[in-house]
Structure formats: structure tokens, C-alpha cells
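Read the structure below first, then the notes.
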Amino acid sequence: MEETKSPDGPPPHDTSQQGQQGPQQQAPNPEQVPPPYSQQGPYPQPAPVPAPAPVITGQPLPQQQQPGAQWHQQQPTAVVVNVPVRFTAFPMTMQCPNCGNSITTETKKQNGIATWLTVGAMCLFFFGCLLCPLGLIGFCIPALKDTIHTCPVCKFTLGSHKHL
């Protein structure tokens, strides 16, 4: 067999050396060809997933019209969610829930648990030295006191900041 090279493609296959080269590929048998995608194979196909039902919010359900009856659309209502406010030892800018004004809170200091614990511990410490009145200095330290926040317009108590 005479080999000719074509300028466009690979050289023709030489069949005289088939036994010398190793395993040969055979043409696929039509019985071994996998089925096309349109046919169902040996595995069960998954069930189709139903589409989710549409959700309509903020509108009333339609009612059957009766002669002479009118259908009124319900107005959407505003929902106000009160978020708890974490008060600090300093005045805060906020909206008063009682009068609705935008305010900066008034603060006043009040003796709380932290004040009493500090005074008690200092009195016990200074008791042996007869300097127990020095223990009362805890009442003069504003950082140990609780802070009460009030509205300057309506004097409503808004909340407090406690140390313990």
C-alpha cells in the first residue's frame, strides 16, 4: 500500500502494522451505545418540583361580588416596633415615647448598689483605723451612682443606667 500525504490532514493509517502496535480500537457496537437523554435509563428520574404558591401580602382576599355590594380595599397599617434602648451614664438624643418630641434626655444621679457596696467595703476597711467616716466618700463619687434619664418636656422617666 502506498502512502500519500495530504497537505491538509494527517497521513493515512497503515493497516499492515496492526498486529505489532497493541490493542486496537473497534467501532462501537450499536447495542453498546448509551441511550439518548430523552430515554429513561435504569435509574428512576426525580419527581418534578412543584412551583411555590404565590404569596400576596398587604391586600385582602377577593370576595365574591353580590349585586349592589361594593368592594373596599383595606389600607395598609404601619407597624411600630419599639427597640429597647441601652441607656448610658451620659445624656442621649432620642424621641420621647410619651410626648413624641425629639429630645436630649435630662440625667440625674442616684445612689445605687455599686455606691452602697463601695461605701460598705471602705467602712469595713477603715473601721480598724477609726477612719470609718472616710468610707463615706463613696457617696461623693458620681461614677459609682446610677443615672436616671427623663424627658425635659414632659418629665417622663425614660430609663436608667445601673452599674450593677
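These numbers were taken from a predicted model, which means no experiment stands behind them.
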For [Y], does its backbone N or O pair with a side-chain atom of [X] as donor and acceptor, under 3.5 Å?
X: Lys162; Y: Lys145; answer: no
X: His149; Y: Ala89; answer: no
X: His161; Y: Arg86; answer: no

Notebook entry, point to check: Would a 4.5 Å heavy-atom cut-off, applied to side chains only, mark Asp146 and His163 as touching?
Noted result: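 They are in side-chain contact.
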
Notebook entry, point to check: So, do Thr107 and Phe90 sit near enough that their side-chain heavy atoms are less than 4.5 Å apart?
Noted result: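 In short, these two side chains do not touch, never coming nearer than 4.5 Å.
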
Next item on the list: Tell me whether Phe139 is reachable from Leu144 by hopping between hydrophobic residues (I, L, V, M, F, W, Y) whose side-chain heavy atoms are closer than 4.5 Å.
Entry: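 They do not share one cluster, since no chain of ILVMFWY contacts under 4.5 Å joins Leu144 to Phe139.
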
Check: So if you build clusters from Ile, Leu, Val, Met, Phe, Trp, Tyr with side-chain heavy-atom gaps below 4.5 Å, do Val119 and Ile141 land together?
Finding: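 No, it is not one cluster - the side chains of Val119 and Ile141 are not joined through contacts under 4.5 Å.
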
For the atom pair [atom1] ([X]) and [atom2] ([Y]), what is the distance rounded to the nearest 0.5 Å?
X: Thr104; Y: Asn101; atom1: OG1; atom2: CG; answer: 11.5 Å
X: Asn111; Y: Thr118; atom1: CG; atom2: OG1; answer: 10.5 Å
X: Ile148; Y: Glu106; atom1: CD1; atom2: CD; answer: 13.0 Å

Notebook entry, point to check: For Ile137, does the CD1 atom sit with more than 12 other heavy atoms under 6.0 Å from it, leaving out its own atoms?
Noted result: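 Not more than 12 within 6.0 Å, no.
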
Check: Should we say atom CD1 of Ile113 is surrounded by more than 12 heavy atoms from elsewhere, each under 6.0 Å from it?
Finding: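 It does not: Ile113 CD1 has 12 such atoms or fewer within range.
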
Margin query: Under a plain distance cut-off of 3.5 Å, with no hydrogens placed, do Thr150 and Lys108 share a side-chain donor-acceptor pair?
Written below: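 Checked: Lys108/Thr150 side chains show no N/O donor-acceptor pair below 3.5 Å.
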
Checklist line | For Cys96 against Cys99, the heavy-atom pair lying closest together | finding: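 Looking at all heavy atoms of both residues, the closest pair is SG-N, 3.5 Å.
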
Next item on the list: Please report the shortest heavy-atom distance between Thr105 and Pro152, naming the atom on each side.
Entry: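 Distance-wise, the nearest heavy atoms are CA-CD, 4.5 Å.
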
Note to self: Using a 4.5 Å cut-off between side-chain heavy atoms of Ile, Leu, Val, Met, Phe, Trp and Tyr, which other residues end up in the same hydrophobic cluster as Ile103?
What the structure shows: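 Besides Ile103, the cluster holds Val85, Phe87, Met92, Met94, Val153, Phe156, Leu158.
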
